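For the single chain, residues carry numbers from 1 onward in sequence order. Predicted, not measured: the structure shown is a model, and the values here were computed from it.
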Amino acid sequence: MIVDDSAINREILCRQIEKEQWTVEEAQHGRQAFDLIAVHPPDVILLDFMMPEMDGFQFLEALHNNPAWLKIPIVVVTAKELNG
């Protein structure tokens with residue numbers, strides 16, 4: 001699953017992942033991602049941190065509140081500088 005508010009970023013990532021024969025679901029923000037996860041939990045999540053409605057930090061916090069989703073690997077894909 002790709003969770004990113006940028007349609008261009010989602011398209012680029014989606015093309016690369018589909019070349020490897022993976023099925024990709026896309027969400028524009030964290031709230032939309034939760035709707036999709038509830039129906040079909042993904043094998044991995046590619047997550048942008050800077051999104052409207054529910055940013056990546058809020059998404060991670062909410063995701064970790066559900067024990068069934070704790071083992072989903074998350075790869076952060078963001079332009080935000082992460083330190084500390």
Side-chain angles (χ1 to χ4, degrees):
M1 174 181 287
I2 300 168
V3 186
D4 193 325
D5 61 319
S6 168
I8 293 170
N9 290 349
R10 287 194 318 272
E11 180 183 338
I12 291 168
L13 289 169
C14 191
R15 273 191 273 147
Q16 293 300 315
I17 293 167
E18 287 176 338
K19 283 182 184 177
E20 300 300 323
Q21 306 301 314
W22 285 51
T23 301
V24 181
E25 291 190 70
E26 300 176 45
Q28 295 178 10
H29 50 76
R31 292 194 199 288
Q32 186 180 37
F34 276 113
D35 292 341
L36 294 171
I37 292 170
V39 174
H40 184 256
D43 293 325
V44 65
I45 297 171
L46 302 180
L47 177 66
D48 180 28
F49 272 158
M50 306 308 294
M51 298 178 292
E53 292 195 43
M54 175 185 266
D55 67 26
F57 297 102
Q58 294 165 324
F59 176 82
L60 284 175
E61 184 177 329
L63 188 77
H64 289 149
N65 287 329
N66 185 326
W69 298 338
L70 285 175
K71 293 191 177 189
I72 300 173
I74 298 169
V75 177
V76 175
V77 181
T78 187
K80 181 173 177 58
E81 182 178 331
L82 302 175
N83 56 24

Less than 4.5 Å apart, side chain to side chain, heavy atoms only: is that true for [X] and [Y]?
X	Y	result
V77	L13	yes
H29	D5	no
L70	H64	yes
I2	V24	yes
P42	E25	no

*Among V75, I37, V76, L60, find the residue that satisfies the side-chain contact (heavy atoms from CB on, under 4.5 Å) test when tested with I45.*
I37
Can you see which heavy atom on [X] is nearest to which on [Y], and at what distance?
X	Y	result
V3	G30	CG1-N, 4.1 Å
A62	F34	CB-CZ, 3.5 Å
L47	G56	CD2-O, 3.9 Å

Donor-acceptor check, side chain of [X] to backbone of [Y], threshold 3.5 angstrom: yes or no?
X	Y	result
Q32	Q28	yes
R10	D4	yes
Q58	D55	yes

*asked:* How about CD on E18, more than 12 heavy atoms from neighbouring residues, nucleotides or ligands closer than 6.0 Å, or not?
replied: yes
*Flag yes if more than 12 heavy atoms outside N65 fall under 6.0 Å of its CG atom; otherwise flag no.*
yes
*Could you tell me the separation between the CD1 atom of I74 and the CZ atom of F59, rounded to the nearest 0.5 Å?*
6.0 Å
_Point-to-point distance, once rounded to the nearest 0.5 Å, from CG of D43 to NZ of K71_ =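 Here the interatomic distance stands at 14.0 Å.
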*Verify side chain to side chain contact (heavy atoms under 4.5 Å, CB included) between L46 and M1, making sure each step is shown before the conclusion.*
CA-CA 6 Å; L46 302 180; M1 174 181 287; over 6 Å; no
*Quick one: sort the F57 and F49 rings into parallel, tilted or perpendicular, breaks at 30° and 60°.*
parallel
